[in-house]
*Asks:* 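Let me give you the structure first, and then I'll get to my questions.
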Number of protein chains: 2
Amino acid sequence: MTRGGLIGEETGAALQQVRTEPIQQRSAARLSGLLDAAAAVVDEVGFDRITTAMIADRAGASIGTVYRYYPDRVAVLHALHERAVVRFRQRVVDELGASTLTSWWDAVDCVVTAFVGLYRSEPGFRIVNFDDRDGAPAVDAVADADFFARRLADVLVNEFDLPAGDDLIFRLEVAVEMADALLARAFHTDPLGDERFIAECRLVLRDYLDRFYSPQALNLLATAS
Amino acid sequence: MTRGGLIGEETGAALQQVRTEPIQQRSAARLSGLLDAAAAVVDEVGFDRITTAMIADRAGASIGTVYRYYPDRVAVLHALHERAVVRFRQRVVDELGASTLTSWWDAVDCVVTAFVGLYRSEPGFRIVNFDDRDGAPAVDAVADADFFARRLADVLVNEFDLPAGDDLIFRLEVAVEMADALLARAFHTDPLGDERFIAECRLVLRDYLDRFYSPQALNLLATAS
DNA sequence: CGTCACCGAGTGGAATTCAATCATCCTGGT
DNA sequence: ACCAGGATGATTGAATTCCACTCGGTGACG
């Protein structure tokens with residue numbers, strides 16, 4: 001199933017951010033418990049007021065336990081970021097499966113919907129943007145966007161016969177960056193998301209991609225070759 | 001001169017971030033020296049690993065001196081941010097003056113050019129993005145984008161007769177967010193800026209705004225009313 | 001000689017470590 | 001099957017380190 005590839009359990013972008021892989025089952029819950037706590041704390045006190053003690057407290061663990069699994073404070077945020085990205089991809093897959101797709105646009109629309117949905121439902125999702133420039137998770141943010149663009153390109157090529165190639169990937173990455181910026185802006189003030197920016201985001205994406213991948217543009221491309 | 005308004009010495013966004021206004025001349029240089037040091041450190045160790053001690057060291061001052069002028073660590077970043085924004089506006093004005101503007105597009109182009117130029121020449125400019133979401137200067141980042149959009153709107157209205165109003169401001173803010181995201185992406189890996197993303201940024205901006213403000217669109221608007 | 005600038009050891013709180021302790025799993029003997 | 005008891009994973013929290021920020025003392029300028 002090509003769509004499932006979006007989730008991607010490949011190790012390419014994966015990272016060993018956990019010091020020790022949990023062996024016993026009790027600690028499996030600890031890990032996600034710590035992340036849940038971190039997410040809750042982020043939403044409560046904000047991104048830069050987090051303390052490791054708060055996370056430990058909220059998770060019902062001691063400080064040492066936090067450091068058993070994560071090398072330092074920012075690694076916890078990294079992990080939270082990663083988990084949210086995975087959930088985002090899962091949500092995109094769900095959206096794609098629940099909708100009847102008649103053109104590539106429907107797929108892009110699903111991505112936007114998934115993104116907006118997560119912003120609304122996932123605690124701490126705000127810190128998770130693909131392109132946070134300066135904060136902790138910054139390093140591999142672009143790698144995430146790039147990775148996602150590649151996967152999305154696969155889907156669009158396989159299901160809607162868009163022309164594969166670097167151009168498509170590049171344009172999707174451009175689209176991802178723009179969408180991320182506009183949606184982040186939509187949620188900057190309004191916790192439910194400013195509909196104006198969300199709508200404009202869909203419009204911009206469609207216009208931009210239509211320029212290259214509208215039926216007309218594709219026809220021109222086909223007859224020219 | 002309407003263009004000069006872009007620089008904006010209004011007190012609306014200004015802030016009393018310096019504790020003590022320097023009285024003696026020697027300390028005038030100290031202030032900018034501290035900011036230069038901060039900028040250098042930001043470029044070297046990254047945004048979240050900055051240390052007040054590092055800044056003091058680099059500036060050849062002691063910690064106490066930093067705190068003489070700035071109330072706390074983030075105030076230094078704020079000041080750096082503010083200085084960069086002022087320089088950006090100045091550069092935009094310079095670009096506008098040095099170019100012959102035949103349409104609003106040339107003005108937008110100048111803004112992009114100024115932005116790219118600063119990215120290349122100004123140390124620490126990366127932290128200065130309009131829309132840093134989580135880091136310290138995040139609070140008024142959107143306010144900056146909004147402010148800049150308003151000023152730019154004034155210029156475009158006065159010089160190119162674009163229809164004034166909230167719609168124009170909103171669209172310019174959308175444009176600013178998109179441009180910022182794409183240019184940040186352009187400079188994420190390549191210190192000189194990936195030309196592909198820069199070019200695509202110009203294209204996206206033009207297409208987006210053309211939709212509403214191309215001569216044809218404006219004519220339609222005029223005849224309809 | 002009174003300010004203005006500057007210094008840098010000192011304070012407090014948060015981040016991180018680590019040696020001790022507890023819990024769980026494993027193994028081999030009965 | 002059962003269980004003792006070592007081996008190893010998991011947890012703890014006091015101790016340590018790091019870092020932002022203060023403040024009393026020292027020079028420099030006018």
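Residue numbers begin at 1 in each chain, while the letters A, B, ... track the order of the sequences.
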*Asks:* Categorize I55(A) for me: base, sugar-phosphate, or nothing, with a 4.0 angstrom heavy-atom threshold over every strand shown.
*Replies:*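 I55(A): no heavy atom of the nucleic acid under 4.0 Å.
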*Asks:* The helix from dC1(C)-dG30(D) to dT30(C)-dA1(D): angle between its terminal axes, five pairs each, to 10°?
*Replies:*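 For the helix from dC1(C)-dG30(D) to dT30(C)-dA1(D), the axes at either end differ by 10°.
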*Asks:* So, H81(B) and D144(B): side-chain donor and acceptor under 3.5 Å apart, yes or no?
*Replies:*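 D144(B) and H81(B) do have a side-chain donor-acceptor pair below 3.5 Å.
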*Asks:* Calculate the interatomic distance between L77(B) atom CG and dA20(D) atom P; express it in whole Å.
*Replies:*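 It is 11 Å, rounded to the nearest whole Å.
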*Asks:* Just call it for T65(A): base, sugar-phosphate, or nothing, with non-hydrogen atoms closer than 4.0 Å on any strand.
*Replies:* base
*Asks:* OH of Y70(A) versus P of dA15(C): gap in Å, rounded?
*Replies:*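 Going from OH in Y70(A) over to P in dA15(C) covers 17 Å.
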*Asks:* Aromatic contact between F148(A) and F88(A), with the criterion being ring centroids under 6.0 Å apart: yes or no?
*Replies:*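 Aromatic pair counts; centres sit under 6.0 Å.
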*Asks:* Do any side-chain nitrogens or oxygens of R68(A) fall under 4.0 Å of OP1 or OP2 in dA10(D)?
*Replies:*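 Yes, because at least one side-chain N or O of R68(A) sits under 4.0 Å from OP1 or OP2 of dA10(D).
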*Asks:* Quick one: pull up CG in L118(B) and CG in L183(B) and give me the separation to the nearest 0.5 Å.
*Replies:* 11.5 Å
*Asks:* Starting the side chain at C-beta, find the nucleotide from dT16(C), dA15(C), dG8(C) nearest to T51(A).
*Replies:*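 Among the listed nucleotides, the one closest to the side chain of T51(A) is dA15(C).
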*Asks:* Please list, by residue number, the residues of residues 35-45 of chain A whose heavy atoms come closer than 4.0 Å to an atom of DNA chain C; answer none if no residue qualifies.
*Replies:*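 Nothing qualifies; none.
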*Asks:* Mind checking T52(A) for me? I need base, sugar-phosphate or nothing, with any heavy atom below 4.0 Å counting as a touch.
*Replies:* base
*Asks:* Holding to side-chain hydrogen bond (donor to acceptor under 3.5 Å, both in side chains), I want the full list of residues that pass it with R120(B), two or more places apart in sequence or in another chain.
*Replies:*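 With neighbours one apart ignored, the set is E195(B).
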*Asks:* May I ask you to evaluate whether Y69(A) reaches the phosphate of dT11(D), defined as a side-chain N or O under 4.0 Å from OP1 or OP2?
*Replies:* yes
*Asks:* Starting at CZ of R30(A) and ending at P of dG9(D), how long is that distance when rounded to a whole Å?
*Replies:* 17 Å
*Asks:* Grab the CD1-P distance between I63(A) and dG13(D) for me, whole Å please.
*Replies:*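 Taking atom P of dG13(D) as the reference, CD1 of I63(A) is at 10 Å.
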*Asks:* Using the rule ring-ring contact (aromatic ring centres under 6.0 Å, His included), only one of F47(A), F115(A), F187(A) pairs with F125(A); which is it?
*Replies:*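 Exactly one option meets the ring-ring contact (aromatic ring centres under 6.0 Å, His included) with F125(A), and it is F115(A).
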*Asks:* Between D36(A) and R83(A) (salt bridge meaning N to carboxylate O under 4.0 Å), is one present in this structure?
*Replies:* yes
*Asks:* Can you list the residues that meet the salt bridge (Lys or Arg N to Asp or Glu O under 4.0 Å) rule with R91(A), with sequence neighbours excluded?
*Replies:*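 By the salt bridge (Lys or Arg N to Asp or Glu O under 4.0 Å) rule, R91(A) matches no residue at all.
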*Asks:* Can you sort out the partners of D106(B) under salt bridge (Lys or Arg N to Asp or Glu O under 4.0 Å), two or more places apart, ordered by chain and number?
*Replies:*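 Not a single residue meets the salt bridge (Lys or Arg N to Asp or Glu O under 4.0 Å) criterion with D106(B).
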*Asks:* Going by the rule salt bridge (Lys or Arg N to Asp or Glu O under 4.0 Å), which residues pair with R58(A) if we only count those two or more places apart in sequence or in a different chain?
*Replies:*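 For R58(A), the residues satisfying salt bridge (Lys or Arg N to Asp or Glu O under 4.0 Å) (neighbours in sequence not counted) are E44(A).
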*Asks:* Send over the distance from R73(A) CZ to dT17(C) P, rounded to a whole Å.
*Replies:*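 Between P of dT17(C) and CZ of R73(A): 14 Å.
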*Asks:* Of G64(A) and I50(A), whose closest DNA chain C nucleotide lies nearer the 5' terminus?
*Replies:*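 Looking at the nearest nucleotide for each, I50(A) comes out on the 5' side.
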*Asks:* Quick one: D72(A) CG to dT16(D) P, roughly how many Å, whole number?
*Replies:* 22 Å
*Asks:* Does dT22(D) have its OP1 or OP2 closer than 4.0 Å to a side-chain nitrogen or oxygen of Y67(B)?
*Replies:*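 Checking Y67(B) against dT22(D): no side-chain N or O falls below 4.0 Å of OP1 or OP2.
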